[in-house]
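Below is one structure; the comments refer to it alone.
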Protein chains: 2
Amino acid sequence: MVLLSKHGISGVNMRAVAREAGVALGLVNYYYQDKMSLIRAALKRVDEDDIALVKPDAATPPRERLLEALRRVADPDLLTTPYLALRLQLWALAQANEDFAAINDEAFERYVDGLAALIGSAKPDLSPKECRKRADDIVVIQNGMWLTALLGLNRASTERSIRRTEEIALAP
Amino acid sequence: MVLLSKHGISGVNMRAVAREAGVALGLVNYYYQDKMSLIRAALKRVDEDDIALVKPDAATPPRERLLEALRRVADPDLLTTPYLALRLQLWALAQANEDFAAINDEAFERYVDGLAALIGSAKPDLSPKECRKRADDIVVIQNGMWLTALLGLNRASTERSIRRTEEIALAP
DNA sequence: TCTAGTCTTGAACAGATGTTCAATCTCAAC
DNA sequence: GTTGAGATTGAACATCTGTTCAAGACTAGA
């Protein structure tokens, strides 16, 4: 029932959410104590989705897992304007609100940790510190891809950027 | 008189702007026809600032100019939370409003063009197409730096990212 | 000093928005 | 069939927000 209708700014008002969900106004306040609670739920959901990107099936070999994770961020399903716009709105919201910022920070931390762990298992000879360093650098490029995609990043540039993240991750 | 007090979402209401500027409510509507006009003015101002980053003094030699432009995006003055948050808010706004999106797109285009031109003059043997390609890739990393800085990018990672943009720009 | 033009003010209005609440509906357990 | 707890509804309320406007303040030229 959540997450949709974010086609506007913080123009997500309770009435619009209710309309989008096909329920009455009162019901939204029945399930979510606050408007804050509602947005917090949406934020948490998006954050969990992001973290899921670096926590895949343990069946595949480490190297494959890492490469898959690096490719997945540029999945056409994810790199769509609606999804990115939603992400951007939530990031912007987090900037204005301490509570949301904390949730976001924690999710970001978990994401980088997950990425560093993937690198670690793909290249066991690297020190944890070096893994973390590489994860930091990769996240910069990934965030750049996401943001630039909103401004019309072409597919070729995306491909080159992904290759760059692969090079960083798998450098000797 | 503009640009300030963006500590909130689109919680920039006319009354808050007036208070921040130390004037009466009516005056804001006297100078800006609309709330839209006000935000548009702020957006244009930030966009112009960005473009100025790649249009520096013609006195310095091309190579220096390029390197300086690449370094300037990570200037501690620019990479501050308030400024980045403002940028993020405006980007988010642009996503929700066609009018703003057009202004943003045009500024982005001009920025990449400016960067490509800088690369072209620093490395005259490159084709314009190759320059543009490199500019595209650099912008991805720069946007990533900006966005990640909001989530607590450490200085060391910023330095490495800048070095990466330099390598892309100056690759043979 | 008078005047005309611009700047500045804050009250007033209409509409939107978050939240509350009494009333109604649903449906499983007895 | 009755009961009762939870689900669902929409009207009502208080507050906030964009916009308008009549009135006053300021300034420079005659």
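Side chains are part of it too, since the values below use all heavy atoms of this structure and drop only hydrogens, waters and symmetry mates. Letters A, B, ... are given to chains in the order of the sequence lines, protein chains preceding strands, and every chain is numbered from 1.
Side chain to side chain, N143(A) and N143(B) fail the donor-acceptor criterion of an N or O pair below 3.5 Å. Side-chain atoms of Q142(A) and Y111(A) include a donor-acceptor pair closer than 3.5 Å.
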(request) Would you give a per-nucleotide map of nucleotides 8-15 of chain C, 5' to 3', where B means the base has a protein non-hydrogen atom under 4.0 Å away, S means only the sugar-phosphate does, and - means neither? (result) BBBB----

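For the pair Y32(A) OH and dT20(C) P, the interatomic distance rounds to 17 Å; values are reported in whole Å. Per the geometry, CG belonging to L38(A) stands 14 Å off C1' belonging to dT17(C), to the nearest Å. Note: CE (M14(A)) to C1' (dT15(D)) measures 15 Å, nearest angstrom.
Here K123(B) does not pair with E130(B) in a salt bridge; the nearest charged N to carboxylate O distance is not below 4.0 Å. Contact check on D136(B) versus R132(B) returns a salt bridge, with a Lys/Arg side-chain nitrogen under 4.0 Å from an Asp/Glu carboxylate oxygen. Salt bridge status for K44(B) with E48(B): absent, with no side-chain N to carboxylate O gap under 4.0 Å.
Note on ring orientation: taking the six-membered ring where Trp is involved, the planes of W146(B) and W91(B) are tilted (angle from 30° to 60°).
Of the candidate nucleotides dG18(C), dT20(D), dT17(D), dT17(D) has the atom lying nearest to any side-chain atom of N13(B).
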